[in-house]
A.B. asks: 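Right, I'll just put the structure down here and ask away after.
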Amino acid sequence: MSDELHGGCLCGRVRFHTTQAPLRTFACHCTFCQRVTGSSYFAESMYPKEAVVFNAGPLSTYEHLSDTSHKKIYVHFCPTCGTTVSLTFERWPDMRGIARGCYDDPNAVSVTSHIWTQSAQSNTALPGEVDCFAQARMTLDGQAVPAVRHPAPVMAKNPV
């Protein structure tokens with residue numbers, strides 16, 4: 001995978017590139033991510049903020065208070081077409097999430113884990129041999145949570 005990835009919004013007004021490989025890419029099934037995408041989950045790559053450079057178009061921002069951490073999540077989107085391009089976080093001020101669907105080649109990054117699977121919509125397939133977490137990867141006090149790995153894909157009609 002190349003360290004420099006390019007992408008942008010649906011209309012092309014907002015463009016970005018990265019200066020390093022993502023730290024990780026995951027699919028989040030929390031109800032916030034379902035709403036922010038209007039879909040079953042949000043796949044995002046995490047970067048240090050300085051590793052993402054926006055080179056065209058302004059972003060608008062929506063501020064949301066997390067139900068769990070009670071910290072702010074900032075949704076950055078194109079003011080013209082409404083595409084959610086990025087998330088930033090009060091809890092992790094030096095990090096930026098980039099929407100996987102906004103890369104020019106979304107397959108340039110692989111989803112390596114699924115989080116908040118307890119909220120996954122019915123009949124969403126959770127892959128086998130991939131780290132899955134019922135909630136977040138870490139507790140609110142920063143402790144790592146052990147992953148569950150299913151030997152084969154499972155359907156989330158009975159969330160795990």
Side-chain angles (χ1 to χ4, degrees), residues 1-133 135-138 153 155-156:
M1 173 177 62
S2 170
D3 287 352
E4 186 166 324
L5 298 170
H6 295 266
C9 65
L10 181 63
C11 72
R13 185 172 181 204
V14 173
R15 296 289 300 162
F16 66 85
H17 73 274
T18 63
T19 61
Q20 72 175 59
L23 302 173
R24 70 182 132 297
T25 300
F26 57 86
C28 182
H29 298 268
C30 76
T31 55
F32 165 76
C33 284
Q34 291 176 30
R35 292 277 177 144
V36 83
T37 62
S39 187
S40 298
Y41 59 89
F42 183 55
E44 67 180 316
S45 298
M46 297 302 294
Y47 292 91
K49 266 189 180 176
E50 68 274 3
V52 180
V53 179
F54 289 92
N55 51 9
L59 285 167
S60 292
T61 301
Y62 171 74
E63 185 179 296
H64 176 78
L65 193 63
S66 167
D67 294 339
T68 306
S69 71
H70 306 290
K71 301 283 186 180
K72 295 174 186 168
I73 303 168
Y74 305 97
V75 180
H76 306 282
F77 59 96
C78 174
T80 302
C81 67
T83 301
T84 297
V85 176
S86 172
L87 298 179
T88 55
F89 314 88
E90 179 182 20
R91 186 172 175 200
W92 302 288
D94 298 329
M95 300 300 293
R96 178 178 294 280
I98 291 292
R100 184 178 187 229
C102 288
Y103 290 116
D104 292 342
D105 178 8
N107 294 313
V109 296
S110 296
V111 172
T112 57
S113 64
H114 287 249
I115 64 173
W116 284 95
T117 59
Q118 74 179 20
S119 305
Q121 293 180 8
S122 62
N123 295 316
T124 297
L126 300 173
E129 299 304 323
V130 172
D131 288 349
C132 290
F133 300 85
Q135 294 183 354
R137 297 168 51 98
M138 300 178 108
M155 298 306 278

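Quick caveat, the model's predicted, so the values are computed rather than measured.
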A.B. asks: So how far is it from N123 CG to S40 OG, rounded to the nearest 0.5 Å?
C.D. replies: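 Here the rounded value is 10.0 Å.
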
A.B. asks: Distance from E50 atom CD to M95 atom CE, nearest 0.5 Å?
C.D. replies: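 Interatomic distance, E50 CD to M95 CE, rounded to 0.5 Å: 9.0 Å.
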
A.B. asks: So, do T124 and M155 sit near enough that their side-chain heavy atoms are less than 4.5 Å apart?
C.D. replies: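 T124 vs M155: side chains apart.
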
A.B. asks: Checking the side chain of R100 only, and the main-chain atoms of P106 only, is there a donor and an acceptor separated by less than 3.5 Å?
C.D. replies: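 Between the backbone of P106 and the side chain of R100 there is a qualifying donor-acceptor contact (under 3.5 Å).
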
A.B. asks: Is F16 close to S86 at the side-chain level, that is, under 4.5 Å between some pair of heavy atoms?
C.D. replies: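 Heavy-atom side-chain distance check fails, nothing below 4.5 Å.
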
A.B. asks: With rounding to the nearest 0.5 Å, note down the distance linking OH in Y74 to OG1 in T61.
C.D. replies: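 If we round to the nearest 0.5 Å, Y74:OH and T61:OG1 are 9.5 Å apart.
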
A.B. asks: For the NE2 atom of H17 and the CG atom of D3, what is their distance to the nearest 0.5 Å?
C.D. replies: 11.5 Å

A.B. asks: For a side-chain contact (heavy atoms from CB on, under 4.5 Å) with L5, tell me which candidate from D104, T19, V109 qualifies.
C.D. replies: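 Filter result, single survivor: V109.
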
A.B. asks: Are the side chains of F32 and T68 in contact, using a 4.5 Å heavy-atom criterion?
C.D. replies: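 Sidechains of F32 and T68: no contact.
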
A.B. asks: Could you measure the distance from the OG1 atom of T18 to the OH atom of Y103? Nearest 0.5 Å is fine.
C.D. replies: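 If I round to the nearest 0.5 Å, the distance is 6.0 Å.
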
A.B. asks: Hey, is the main chain of T25 close enough, under 3.5 Å, to the side chain of T112 for a donor-acceptor pair?
C.D. replies: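 Such a contact is found between T112 side chain and T25 backbone.
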
A.B. asks: Is the shortest heavy-atom distance from the side chain of Y47 to the side chain of I98 under 4.5 Å?
C.D. replies: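 Yes, at least one pair of side-chain atoms sits under 4.5 Å.
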
A.B. asks: What's the shortest heavy-atom distance between F77 and G82, and which atoms?
C.D. replies: CB-O, 3.9 Å

A.B. asks: Taking all heavy atoms of I115 and all of Q135, pick out the closest pair and write down the distance.
C.D. replies: CB-O, 3.5 Å

A.B. asks: Going from CE on M46 to CZ on R96, what distance comes out if it is rounded to the nearest 0.5 angstrom?
C.D. replies: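 M46 CE to R96 CZ: 10.0 Å, rounded to 0.5 Å.
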
A.B. asks: Measure the shortest side-chain to side-chain distance between Y41 and V111 over non-hydrogen atoms and say whether it is less than 4.5 angstrom.
C.D. replies: no

A.B. asks: Identify the heavy atoms of S113 and F133 that sit nearest to each other, and give their distance.
C.D. replies: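 Looking at all heavy atoms of both residues, the shortest contact is CB-CE1, 4.1 Å.
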
A.B. asks: Between H70 and D67, which heavy-atom pair has the shortest distance, and what is it?
C.D. replies: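 So the minimum-distance heavy-atom pair works out to CE1-O, 3.3 Å.
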
A.B. asks: Could you pull out the closest heavy-atom pair between E44 and G97, with the gap in Å?
C.D. replies: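 Smallest heavy-atom distance, with atoms named: OE1-CA, 3.4 Å.
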
A.B. asks: If we ignore hydrogens and angles and just use 3.5 Å, is the side chain of K49 paired with the main-chain N or O of P93 as donor and acceptor?
C.D. replies: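 Yes, K49 side chain to P93 backbone: donor-acceptor pair under 3.5 Å.
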
A.B. asks: If you define the side chain from C-beta out and look only at heavy atoms, does anything of S66 sit under 4.5 Å from R91?
C.D. replies: no

A.B. asks: Could you go through the side-chain contact (heavy atoms from CB on, under 4.5 Å) check for F26 and C28 one step at a time?
C.D. replies: CA-CA 6 Å; F26 57 86; C28 182; 4.1 Å; yes

A.B. asks: Checking side-chain contact (heavy atoms from CB on, under 4.5 Å) between H76 and each of V85, V14, T88, which is the one that passes?
C.D. replies: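 Between H76 and the candidates, side-chain contact (heavy atoms from CB on, under 4.5 Å) is satisfied uniquely by T88.
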
A.B. asks: If every non-hydrogen atom of C30 is compared with every non-hydrogen atom of W116, which pair is closest and at what distance?
C.D. replies: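 Smallest heavy-atom distance, with atoms named: N-CB, 3.5 Å.
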
A.B. asks: A side-chain contact here means heavy atoms from C-beta on lying under 4.5 Å apart; do P79 and R13 qualify?
C.D. replies: yes

A.B. asks: Does Q34 use its side chain to pair, donor to acceptor, with the backbone of H29 at less than 3.5 Å?
C.D. replies: yes

A.B. asks: Would you say the side chain of C102 lies within less than 4.5 Å of the side chain of T84, judging by non-hydrogen atoms?
C.D. replies: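 They are not in side-chain contact.
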
A.B. asks: With no hydrogens and no angle check, is any side-chain donor or acceptor of R15 less than 3.5 Å from a backbone partner on G7?
C.D. replies: yes

A.B. asks: Would you confirm whether T83, through its side chain, and L10, through its main-chain N or O, come within 3.5 Å as a donor-acceptor pair?
C.D. replies: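 At least one qualifying donor-acceptor pair exists.
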
